[in-house]
Amino acid sequence: MKIVSYNVNGIKARLPRLLEYLTEQQPDIVCLQELKSSDETFPEADIRAAGYGAVWHGQKGFNGVAVLARGADPVERQRGLDGEVEDDHSRYLECDVDGLVVASIYLPNGNPQPGPKFDYKLRWMERLAQRARALLAAEVPAVLAGDYNVIPNDDDVYSVQAMADDALMQPGSRAAYRALVAQGWTDALRIRHPQGRVWTFWDYQAGAWQRDAGFRIDHLLLSPAVADRLVEAGVDRDYRGREKASDHAPTWAQIR
DNA sequence: ATGTCAAGAAGATCTTGA
């Protein structure tokens, strides 16, 4: 079973790329981020025609997450995180699918830092940690897949110096991510590729793709029971180099 | 030093948020 996290950076602009990916790779479960689409304009018919059921949590203009399943309809468990009633960003969607609990996560970017956006990022990470703790306590097989907007370690970025002041690799962001993983989650990419330098994102600017100047910010965190079933994990880099590509590549884990 | 993209609101470009 192939489970994918894919920040599409606009599902309308990326629909040809997404449908092509579904057809070519036939992933079983796909967590999408940055739909940049309202609930009403989500291209449900096109995705269903490609053989996928979907649940989505849209927002006009930015954010937005979805869970897709091949030949099945994901069943929604929760949209949004508890703990901040005034938070109206569409960044968390949790579903039951194929016997797994699967969450699609679009963690706040947090730039510029310091500032209110970075404070929001850290608060959101604490709220995510509470939800993740509850999932582990319930002992459900779970996958938390998404764009975490966190570069976990120095070997997860092409240049520590270039990104030193970025919200994605501040000590606070890293500590929160480390604490989340330490609850008992397995970072699928890192466990399968311990040597690092596995990029999931390349900026559109400054020829980052051509220079392979990327970083690793899309992560699949596996609960213990799912981690026991992990076969392989990787990045479908090829899709980053195609016409009208997202700045993220599909990132995946293969589960027995 | 920095070479981009998508969407929305306005209005034939600018702002926001990556």
- Message: Give me each pair satisfying ring pair (Phe, Tyr, Trp, His ring centres under 6.0 Å) with a member in residues 58-81 of chain A, each pair once, sequence neighbours excluded.
- Response: F62(A)-H89(A)

- Sequence neighbours left out, what pairs pass ring pair (Phe, Tyr, Trp, His ring centres under 6.0 Å) with at least one residue falling in residues 23-50 of chain A? F42(A)-W56(A)

- Task: Would you mind listing every salt bridge (charged side-chain N to carboxylate O under 4.0 Å, His left out) that reaches into residues 97-121 of chain A, with sequence neighbours excluded?
- Result: none

- Query: Could you give all pairs that pass the ring pair (Phe, Tyr, Trp, His ring centres under 6.0 Å) test and reach residues 222-247 of chain A, with sequence neighbours left out?
  - Reply: Y21(A)-Y239(A)

- Message: Could you work out, with side chain to side chain donor-acceptor pair (under 3.5 Å) as the rule, every residue matching S246(A), not counting sequence neighbours?
- Response: none

- Task: List in chain and number order the residues that pass ring-ring contact (aromatic ring centres under 6.0 Å, His included) with Y148(A), two or more places apart in sequence or in another chain; answer none if no residue qualifies.
- Result: Y177(A), H219(A)

- Message: Holding to side chain to side chain donor-acceptor pair (under 3.5 Å), I want the full list of residues that pass it with D96(A), two or more places apart in sequence or in another chain.
- Response: R77(A)

- Which residues within residues 159-173 of chain A lie with some heavy atom under 4.0 Å of an atom in DNA chain B? none

- Item | Intra- and interstrand pairs of DNA chain B - dot-bracket, Watson-Crick/G-U under 3.5 Å, | marks other strand | ...((((((...))))))

- Message: Let's go through E86(A) and R123(A) carefully: what are the C-alpha distance in whole Å and the side-chain angles of both, what is the deciding distance for salt bridge (charged side-chain N to carboxylate O under 4.0 Å, His left out) to 0.1 Å, and is it a yes or a no?
- Response: CA-CA 13 Å; E86(A) 59 274 28; R123(A) 289 200 308 278; over 6 Å; no

- Query: Can you list every pair that meets salt bridge (charged side-chain N to carboxylate O under 4.0 Å, His left out) and has a residue in residues 181-202 of chain A, with sequence neighbours left out?
  - Reply: D155(A)-R190(A), D156(A)-R190(A), D187(A)-R216(A), R192(A)-E232(A)

- What string of B, S and - do you get for nucleotides 6-12 of chain B 5' to 3' if you count protein non-hydrogen atoms under 4.0 Å? SSSS---

- With sequence neighbours excluded, what pairs up with Q205(A) under the side-chain contact (heavy atoms from CB on, under 4.5 Å) test? D203(A)

